[in-house]
Amino acid sequence: DPKIIQKPKYLVAVTGSEKILICEQYLGHNAMYWYRQSAKKPLEFMFSYSYQKLMDNQTASSRFQPQSSKKNHLDLQITALKPDDSATYFCASSQGPGASAETLYFGSGTRLTVL
Amino acid sequence: QQQVRQSPQSLTVWEGGTTVLTCSYEDSTFNYFPWYQQFPGEGPALLISILSVSDKKEDGRFTTFFNKREKKLSLHIIDSQPGDSATYFCAPQGGRALIFGTGTTVSVSP
């Protein structure tokens with residue numbers, strides 16, 4: 001059974017709309033992350049959370065907002081969607097607290113297409 | 001973000017052959033260097049990792065070498081198998097985040 005669940009697997013949205021990408025991990029980890037992968041760029045770090053607190057934010061745009069309602073949840077809200085936001089978004093987790101030399105475990109991703 | 005470059009971008013190797021991937025980085029503060037393997041439609045998964053205090057780490061058919069002076073790593077896959085066909089990323093740790101390289105797509109032909 002997958003230990004990191006991302007929903008939905010595929011998502012199509014229109015420009016200007018808002019979507020929420022869901023991520024739940026059942027590994028008992030304390031740190032969670034979001035990465036983005038597109039044809040133009042390698043896997044790009046977006047956010048890291050540790051014990052439900054934001055630790056790092058490498059996303060310049062405020063249109064991307066992580067939301068952590070529970071320790072094992074880290075959703076990603078994206079507002080005012082643009083075609084350039086089209087990418088596969090990966091959620092990951094690690095034992096925590098997000099220190100050095102930790103193994104990241106990735107979900108299978110949500111592929112977002114913005115028309 | 002810090003630049004992590006990999007070469008080649010893609011390669012094809014015959015089954016049973018040896019695959020060599022290289023990675024170079026700029027930030028001298030990196031001290032943890034994992035390699036991740038990604039199959040189509042899946043997220044990356046840790047393959048092998050090395051700390052900057054070592055120059056070689058071996059795990060079965062996979063060996064990674066680290067050259068601190070040149071800021072380079074390499075991943076060697078011996079006896080390559082069709083199941084090794086995937087994209088490989090080096091992902092040195094910068095702060096709390098892994099900084100993924102540009103990736104190398106490997107195809108192993110039977």
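Quick note on labels: first sequence line is chain A, next is B, and so on, each numbered from 1.
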| request: Report yes or no: does A/Thr59 contribute a side-chain atom to a donor-acceptor pair with the main-chain N or O of A/Ser61 at less than 3.5 Å? | output: no

| Backbone N/O of A/Cys23 and side chain of A/Asp75: donor-acceptor pair under 3.5 Å |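 A pair under 3.5 Å: yes.
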
| field | Path from A/Trp34 to A/Ile78 over hydrophobic side-chain contacts below 4.5 Å | value |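 Linked, A/Trp34 and A/Ile78 end up in one cluster.
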
| Checking heavy atoms, do the side chain of B/Phe89, its backbone, both or neither come under 4.5 Å from chain A? |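 For B/Phe89, side-chain heavy atoms alone lie under 4.5 Å from chain A.
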
| said: Using heavy-atom distances under 4.5 Å, tell me whether B/Gln38 contacts chain A through its side chain, its backbone, both, or neither. | reply: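 B/Gln38 touches chain A through side-chain heavy atoms alone.
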
| Among B/Gly43, B/Pro44, B/Gly41, who wins on heavy-atom pairs under 4.5 Å with chain A? | B/Pro44

Region of [X] that comes under 4.5 Å of a non-hydrogen atom in chain B:
X	value
A/Phe47	neither
A/Tyr105	neither
A/Gln6	neither
A/Lys41	neither

| query | Would one find more than 12 heavy atoms of other residues, nucleotides or ligands at under 6.0 Å from atom CZ of A/Arg63? | reply |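 More than 12 within 6.0 Å, yes.
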
| If you draw a 6.0 Å radius around CD in B/Glu70, do more than 12 non-hydrogen atoms from other residues or ligands fall strictly inside? | yes

| Heavy-atom pair count under 4.5 Å with chain B, highest-scoring of A/Asp56, A/Ile4, A/Thr88 |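 Most heavy-atom pairs under 4.5 Å with chain B: A/Asp56.
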
| remark: Here the pair of heavy atoms bringing A/Leu74 nearest to A/Ser68 is CD1-CB, 3.9 Å

